[in-house]
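Contents: one structure, followed by commentary.
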Amino acid sequence: MTGSARADLRQLHGFTLIELLVVLAILGLLIGLVGPRFLGQLGTAKGKTASIQIADLEKGLELFKLDVGRYPTNEEGLEAMVQKPANVSGWNGPYLKGSSIPNDPWGRPYKYANPGPGGEPDVFSLGADGAPGGDGENADHHSARP
């Protein structure tokens, strides 16, 4: 076989093992550098989503108060914004789009406390871990009210 015939035959066989290992090493480095940043952004995005949803729930609570003259009680909860509670006059809802209260970005129902800190109602999510307190993705997300 001549030299050019060997070169043509080698090109037909594909990549060598060393070439594949180099490509895999480069991919591993890229995943190692980009992966943690991407996962960190995912946690931040869920926290921002929770804050936006809480702000929407607060707007619904304000509309409820304008019509009924008070915020929902703890017993009525956030559901009072989509279903008329018994013995409530002036209700002109639903006060949210859709027929149900959305869950937080981690799939759990939002919490509601009336009165909350500062005497005003508080809508909140307990974050990824579902427990009070925490840092990062596990941090609680509360109403923006003082």
Side-chain angles (χ1 to χ4, degrees), residues 7-146:
D8 290 338
L9 187 60
R10 193 175 90 121
Q11 289 178 353
L12 294 176
H13 284 254
F15 298 106
T16 66
L17 179 61
I18 294 190
E19 291 170 331
L20 289 175
L21 289 174
V22 168
V23 169
L24 288 174
I26 292 170
L27 287 175
L29 287 172
L30 287 174
I31 290 171
L33 293 173
V34 176
R37 289 184 185 172
F38 175 75
L39 293 176
Q41 291 295 324
L42 182 63
T44 302
K46 285 186 176 185
K48 288 179 183 177
T49 300
S51 296
I52 291 168
Q53 286 179 331
I54 288 170
D56 288 343
L57 292 170
E58 285 180 324
K59 290 174 188 169
L61 287 172
E62 292 299 325
L63 292 172
F64 181 95
K65 182 181 179 187
L66 285 173
D67 287 345
V68 176
R70 63 171 176 80
Y71 292 110
T73 64
N74 282 329
E75 292 76 29
E76 294 167 341
L78 295 173
E79 286 297 319
M81 292 191 291
V82 292
Q83 292 182 339
K84 181 181 179 189
N87 302 322
V88 171
S89 61
W91 192 87
N92 196 25
Y95 299 100
L96 296 174
K97 290 182 182 179
S99 60
S100 64
I101 305 296
N103 285 334
D104 70 11
W106 299 277
R108 287 186 288 280
Y110 281 99
K111 307 285 185 188
Y112 175 72
N114 183 16
E120 293 288 320
D122 187 23
V123 179
F124 59 99
S125 167
L126 297 177
D129 62 357
D135 295 321
E137 192 174 348
N138 294 331
D140 299 348
H141 300 275
H142 286 267
S143 302
R145 300 170 193 222

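The basis for the numbers below is simple: all heavy atoms, side chains too, and nothing from hydrogens, waters or symmetry mates. Along the sequence shown, residues carry numbers from 1.
- Minimum heavy-atom separation, Gln53 to Asn103: OE1-O, 3.4 Å.
- Considering only heavy atoms from C-beta on, Val82 stays 4.5 Å or farther from Ser100 through its side chain.
- Side-chain atoms of Tyr110 never come within 3.5 Å of backbone atoms of Leu78 as a donor-acceptor pair (strictly under, hydrogens ignored).
- Of all the heavy atoms in Trp106 and Ala50, the pair that sits closest is CZ3-CB, 4.1 Å.
- Closest approach of Gly90 to Tyr95, counting heavy atoms only: O-OH, 4.1 Å.
- Remark: side-chain polar atoms of Asn74 are paired, donor with acceptor, to backbone N or O of Asn114 under 3.5 angstrom.
- Atom CD1 of Ile54 and atom OH of Tyr112 lie 13.5 Å apart (nearest 0.5 Å).
- Atom CG of Leu66 is separated from atom CG of Asn92 by 11.0 Å, given to the nearest 0.5 angstrom.
- Contacts classified as side chain to side chain donor-acceptor pair (under 3.5 Å) and involving residues 77-91 (residues at least two apart or in different chains) are not found.
- Counting heavy atoms from C-beta on, the side chains of Glu75 and Pro85 never come closer than 4.5 Å.
- Looking only at side-chain heavy atoms (C-beta outward), Asp122 and Pro117 come within less than 4.5 Å of each other.
- Tyr71 has its side chain within reach of Glu120: a pair of non-hydrogen atoms, C-beta onward, lies under 4.5 Å apart.
- At a threshold of 4.5 Å between non-hydrogen side-chain atoms, the residues Met81 and Leu57 count as touching.
- Atom CG of Leu96 sits about 4.5 Å away from atom CD1 of Ile101, to the nearest 0.5 Å.
- Residue Leu27 qualifies as enclosed at atom CG: its count of foreign heavy atoms under 6.0 Å is above 12.
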